[in-house]
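Working notes, beginning with the structure itself.
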Number of protein chains: 2
Amino acid sequence: MEAALKAIAEPRRREILRLVWDAERPAGDIAAHFDVTHAAISQHLRVLKEAGLVNERRDGRRRLYIARPESIAELRAQLESYWDEALTRLKTEAEREERRGNGRQS
Amino acid sequence: MEAALKAIAEPRRREILRLVWDAERPAGDIAAHFDVTHAAISQHLRVLKEAGLVNERRDGRRRLYIARPESIAELRAQLESYWDEALTRLKTEAEREERRGNGRQS
DNA sequence: CGGATATTTAAGTCATTACTTAACTATTTG
DNA sequence: CAAATAGTTAAGTAATGACTTAAATATCCG
């Protein structure tokens with residue numbers, strides 16, 4: 001989840017992800033939505049791709065990008081389990097400490 | 001959401017947040033869980049605090065930290081609405097483009 | 001082929017970040 | 001008060017990140 005979370009922590013990349021959410025778009029089309037260079041957007045697209053959040057398909061001289069719903073769903077699920085896990089995890093840790101003699105109260 | 005998302009994008013801070021999820025803990029107690037200096041943890045705690053994810057309370061010479069469920073819930077909600085919004089937002093954008101004459105097909 | 005088009009990669013800049021060590025600010029207690 | 005304790009802040013470092021401009025890579029089309 002590391003890579004995906006870091007990827008969407010960047011606002012520009014969240015916007016890009018939105019743009020390719022349910023339709024393929026060529027890189028240039030995506031770049032046209034922002035006031036930075038195409039190169040910058042290309043780099044953001046690479047981060048999203050390496051995080052598994054988007055797919056790239058070549059079509060002639062264009063590169064079409066689209067979100068990968070599976071990996072987005074996976075990130076969502078991992079976040080959900082993080083919110084939940086935190087509680088249970090803390091609980092087992094407290095028990096562990098108790099067993100070793102109520103440790104670490106500074 | 002910006003600050004909160006960036007805060008939890010860091011794995012160390014996710015662990016810290018877990019530790020103070022449902023019980024107040026002094027900074028030193030938190031730091032004892034990691035193999036970095038207290039200073040480093042103190043800095044992470046500041047990031048979490050500035051993102052509104054934890055609360056700090058002074059008790060004598062100790063500083064007690066605990067998660068702020070409201071702001072965590074808020075982040076969760078904002079993420080949820082991001083996953084949803086992406087679809088609808090894209091839709092309205094497509095309509096906008098259509099109205100201006102099917103613009104920007106690169 | 002050769003130029004135009006779509007996009008990426010390379011290389012560099014500047015800001016930010018996670019960390020360290022060292023110094024500082026309380027607060028408690030002998 | 002002075003020493004010990006709990007923690008933060010300051011200053012510096014090395015790595016990373018978002019961006020730029022310039023060059024490279026493909027592909028299409030006359």
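Below, chain A is the first sequence line, B the second, and so on; all start at residue 1. The shown structure was predicted, so the numbers you read here are calculated from the model rather than taken from an experiment.
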- Message: Give the dot-bracket line for DNA chain C from 5' end to 3' end: parentheses for intra-strand Watson-Crick or G-U pairs under 3.5 Å, square brackets for crossings, | for inter-strand pairing, dots for unpaired.
- Response: ||||||||||||||||||||||||||||||
- Query: Under 4.0 Å between a side-chain N or O of A/Tyr65 and OP1 or OP2 of C/dA6?
  - Reply: no
- Whole-Å gap separating C1' (D/dT9) and CD (B/Glu50): 13 Å
- Query: To the nearest angstrom, how far is B/Gln43 atom CD from D/dA6 atom C1'?
  - Reply: 16 Å
- Task: Return the value, rounded to whole Å, for the distance between atom NE2 of B/His44 and atom C1' of D/dG7.
- Result: 16 Å
- Task: Look at all strands and tell whether B/Ala40 reaches a base, only sugar-phosphate, or nothing, counting heavy atoms closer than 4.0 Å.
- Result: base
- Message: Just N and O in the side chain of B/Arg63: are any of them under 4.0 Å from OP1 or OP2 of C/dA26?
- Response: no
- Query: Among D/dT20, D/dA18, D/dT9, which nucleotide sits nearest the side chain of A/Ala39?
  - Reply: D/dT20
- Atom-to-atom span, NE2 of B/His38 to C1' of D/dA4 - whole angstrom: 15 Å
- By nearest-nucleotide position on DNA chain C, the 5'-leaning member of A/Arg61 and A/Ser42 is A/Arg61
- Query: When you check the phosphate oxygens OP1 and OP2 of D/dA18, does a side-chain N or O of A/Arg13 lie under 4.0 Å from one of them?
  - Reply: yes
- Item | Comparing A/Gly60 and A/Val36 on DNA chain D - which has the more 5′ nearest nucleotide | A/Val36
- Message: Checking side-chain polar atoms at under 3.5 Å, does A/Arg12 have a donor or acceptor matched by the opposite partner on A/His44?
- Response: no
- Distance in angstrom units between A/Arg58 CZ and D/dC28 P, rounded: 12 Å
- Taking CG from B/Asp59 and C1' from D/dT5, how many angstroms apart are they, rounded to a whole number? 14 Å
- Message: What is the separation between atom CD on B/Glu56 and atom P on C/dA26, rounded to the nearest whole Å?
- Response: 13 Å
- Decide, yes or no, whether a salt bridge links B/Glu56 with B/Arg46 under the criterion of side-chain N to carboxylate O below 4.0 Å. no
- Nucleotide nearest A/Thr37 (side chain, heavy atoms from C-beta), chosen from D/dA4, D/dT21, D/dC19: D/dT21
- Note: A/Arg14-A/Glu10 ion pair, threshold 4.0 Å (strictly below): no
- Message: From C-beta outward on B/Arg62, which listed nucleotide comes closest to its side chain: C/dT7, C/dC19, D/dA6?
- Response: D/dA6
- Between C1' of D/dT20 and CG of A/Asp35, the distance in whole Å: 13 Å
